[in-house]
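These notes concern the structure reproduced below.
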2 protein chains.
Amino acid sequence: MTPTPEKIDLLIEARWIATVETDAILHNHAVAVRGGRILDILPAAEARQRYQATEQHRLEQHILIPGLINLHTHAAMTLLRGIADDKPLMEWLQRHIWPAEGALVSAPFVLDGTRLACAEMLRGGITCFNDMYFFPEAAAQAATEFGMRAALGITTLEFPGNYASDADDYIAKGLAAREACRDNPLLSFCLAPHAPYTVSDRTFQRIATLAEQLDLPIHCHIHETRQEVADSLQQHGQRPLARLQALAQLGPGFIGVHAVHLDDSEIRLLADAGCSIAHCPTSNLKLASGIARIAEMDAAGINIGLGTDGAASNNRLDMFGEMRLAALLAKGSSGDAAALPAARALRMATLNGAKALGLDAITGSIARGKQADLCAVSLAELECQPCYDPLSHLIHVAGREQVSHVWAAGNCLLEHKTLRLGKEFRLDASAALWQNKAEVCTGKAHAP
Amino acid sequence: MTPTPEKIDLLIEARWIATVETDAILHNHAVAVRGGRILDILPAAEARQRYQATEQHRLEQHILIPGLINLHTHAAMTLLRGIADDKPLMEWLQRHIWPAEGALVSAPFVLDGTRLACAEMLRGGITCFNDMYFFPEAAAQAATEFGMRAALGITTLEFPGNYASDADDYIAKGLAAREACRDNPLLSFCLAPHAPYTVSDRTFQRIATLAEQLDLPIHCHIHETRQEVADSLQQHGQRPLARLQALAQLGPGFIGVHAVHLDDSEIRLLADAGCSIAHCPTSNLKLASGIARIAEMDAAGINIGLGTDGAASNNRLDMFGEMRLAALLAKGSSGDAAALPAARALRMATLNGAKALGLDAITGSIARGKQADLCAVSLAELECQPCYDPLSHLIHVAGREQVSHVWAAGNCLLEHKTLRLGKEFRLDASAALWQNKAEVCTGKAHAP
Ligand SMILES: [Zn+2]
Ligand SMILES: [Zn+2]
């Protein structure tokens, strides 16, 4: 006598599952989901007996992985994608990015840009992103419309911009946005002091106090360029990380973005303090910042996640590209072909990102009780044949174009490569509109 | 009175055309093709008046570029794609690649593997590849079946293998294959001494003589690893390039593959001799060989093309990936964000490759009188929005999955992302068959 099957919301069978809880691959298993959470992970044949699901998927040539976590981006900058490439860094910033931002950045810009970013990220298997930009309530609206998980920045700089007048105003507005989003379980917030060179000691001290009071992570660019380190030595008499340590920023909640130029003692400092790093390899190369010492940081035990950075310096919000490049650079720059194996690159793009954001109890791996944030990648294409090792193919062969399905909190957001949204967004038209405005304001002739 | 339109075979209108003859982009132009050759490049509106084409394409959101040229591959190694990743180099070669090759390499293996490679390359916009492998007549058959242009290696090593017994036997077999392919205008040959560490002085001397007599390029791995340079110093008392210079290999027909470890005098030597380099950035990182000094070689005037290397060390035959990585690494390793701009990366992947192969009079750019080797890339996807600069998008945003159409010698080989072949190949089934054989012979358990 077979027992009555249990009713659940979602059952996904896949040829391969990389849970990221361990490095082992499950073959022909299934994930059972109820109420947005993972209820069970079991052999597919058994799952069919035990569960009766409202929504069911048989992914016969796919690998199911946790939804990818983009640990550093400026999502709305999609609207400035490729506006000024192949330029030296300061010219890029001063003559192109800052003037364009000065003319355009507004709540509607952030809403449209983050919508475009969400669409791109979802199509590439990303279910959660850590954003640092202005007007976080507009970014929150976009993430919510697309059903994505997001950690939004309480972005803070000293100087005035379109969004806020000074550091206290930035913080006040960020905290108000956090308050307004309190009821959305997919949204969380990070304190986001932009960088050591744009934030004062006094503001960092306020941020340390807020981080402790509100139990929030601190998300900050650090040691991106040689120049940043040299300038800090001149201005503050110490390297940026030493200054941040003195200002009580460094701890398990600290997410240092880039960390390209670290000496050995700084790697030990970050490891001892339990900090996380958001490694953005494409951005670091494209802006000629250098190559972060990932193999050494990993060996030292630093929690390393991966980020795309903004689309103005990448120009893809593509975590498959970042996983592959991180693995390749770790090998190429360490001289060890065994450095950063495929399973470790996937862990960086998932569980390590969740850990950095303090979200590892609810996402980042496929485990009972966690939220069902999932991504299915087809390995059926001829470009993936033959397949000796699905995990190696995931990193070194597959592209984001092979992502077929995405779920966040159990909701199917991408099905057979098509976004499932409640609403039509006309992303192309809004991108064209903002492009036109950007070209007018930067004096760039509009191409016919 | 309008004149009667001229009858032609093919007219392709595109929103943007990058001819690579100059770095300028043509807007709303058309390419007219007759008898496989480019007859005209002119404004689209004018083209519709002047020509009446049998085959016509209006590519309204596409950039048309020359067919990409993969300047270094071992095409048939697709069948070993990812067989042993994340292993140190010598373990990778000695315990995995060589045993698998020893057990499998044969004319049927090369035929099936090269077919799979051709399908992958065509879908990624590659119309011409420079191959170094065994059984070149089997590779020639595959290239011909797929309508691709190929430069096939008269591959030469000292030690015996499944294909030949000694260096003279390798050369004899390669020359016989060349003779057998004499009537195929899409095929050419290169002398392909494998590397300084696998080829003797005597054989290099024979190759120099043959290169001169037969007017053939020489395609050879050089200075790939530090170890190779150190071993040569110990064994020959000189670095590999000095030895090759003494053995009369270096000249305008020399294509040095990798060239990762060069000192300043070696860069000058290659420039002065008019040599070409096949830069394979993914392979160099993946095997932990290092980063070639491309910005400096380019500044010295060396002709640099791009290659994927074989699928066992990449694991994609993807020239979009190589263009992007070459551009990123040149910036990141030189510290100059303006290094290797997009137009230059495209030139490396097209005209420079043709020049290295001695084929620049017939392919590598979109110019009157050249063969119509063309690739259309759609920039319509939301991942490409907005588009300030189509050339920057081609390198930094687009992926090979956006290639929509490919022509070689005027024949449409890929149309709306679908291969147009005269015959069905069952590439998946043959890949699975060879995978099974490889797993049996390397003692790897077959996953369920
Ligand atoms: Zn950033
Ligand atoms: Zn090679």
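Convention: sequence-line order gives letters A, B, ...; per-chain numbering from 1. This is a predicted model, so every value here is computed, not measured.
We find the CG-OG1 distance between Leu382(B) and Thr78(A) to be 10.0 Å, quoted to the nearest 0.5 Å. A distance of 7.0 Å separates CD of Glu401(B) from CZ of Arg400(A), quoted to the nearest 0.5 Å. Taking CG of Leu285(B) as the start and CG of Leu325(A) as the end, the distance is 7.5 Å to the nearest 0.5 Å. Rounded to the nearest 0.5 angstrom, Tyr388(A) OH and Glu439(B) CD are separated by 6.5 Å.
Proximity of Glu383(A) to Arg123(B): side-chain heavy atoms (C-beta onward) are separated by under 4.5 Å at one or more points. Side chains of Asp389(A) and Asp85(B) form no contact here, defined as non-hydrogen atoms less than 4.5 Å apart.
Contact annotation for Ile395(A): neither backbone nor side-chain heavy atoms come within less than 4.5 Å of a heavy atom of chain B. Heavy atoms closer than 4.5 Å to chain A are found in both the backbone and the side chain of His396(B). Interface remark: Ala380(A) contributes backbone atoms only to the contact with chain B (heavy atom separation under 4.5 Å). Heavy atoms of Asn314(A) lying under 4.5 Å from chain B belong exclusively to its backbone. Contact annotation for Ile291(B): only side-chain heavy atoms (C-beta onward) come within less than 4.5 Å of a heavy atom of chain A. Proximity to chain B is limited to the backbone of Trp434(A), based on heavy atoms less than 4.5 angstrom apart. Proximity to chain B (any heavy atom under 4.5 Å) is shown, for Lys286(A), by both the backbone and the side chain. Using a 4.5 Å cut-off between heavy atoms, Thr282(A) contacts chain B through both its backbone and its side chain. Only the side chain of Leu427(A) comes within less than 4.5 Å of a heavy atom of chain B; its backbone N, CA, C and O stay farther away. Heavy atoms closer than 4.5 Å to chain B are found in the side chain of Glu381(A), but not in its backbone. For a residue to count as touching a neighbouring chain, one of its non-hydrogen atoms must lie under 4.5 Å from one of that chain's; by this rule Ala398(A) touches chain B with the backbone only.
Here Ala337(A) is the residue among Gly290(A), Pro341(A), Ala337(A), Ala431(A) with the most heavy-atom pairs under 4.5 Å with chain B. The candidate from Glu120(B), Arg226(B), Arg316(B), Gln385(B) with the greatest count of non-hydrogen atom pairs under 4.5 Å with chain A is Arg316(B). Chain A forms the most heavy-atom pairs under 4.5 Å with one residue out of Asp428(B), Leu79(B), Leu391(B), and that residue is Leu79(B). Chosen from Gln402(A), Lys331(A), Arg81(A), the residue pairing most often with chain B at heavy-atom distances under 4.5 Å is Arg81(A). Heavy-atom pairs under 4.5 Å with chain A peak, among Ala338(B), Ser289(B), Gly332(B), Pro386(B), at Pro386(B).
Remark: side-chain polar atoms of Gln435(A) are paired, donor with acceptor, to backbone N or O of Cys387(B) under 3.5 angstrom.
Minimum heavy-atom separation, Ala288(B) to Gly335(A): CB-C, 3.4 Å.
Tested against Ser392(A) for a side-chain contact (heavy atoms from CB on, under 4.5 Å), the candidates Ile83(B), Asn315(B), Asp86(B) yield a single pass: Asn315(B).
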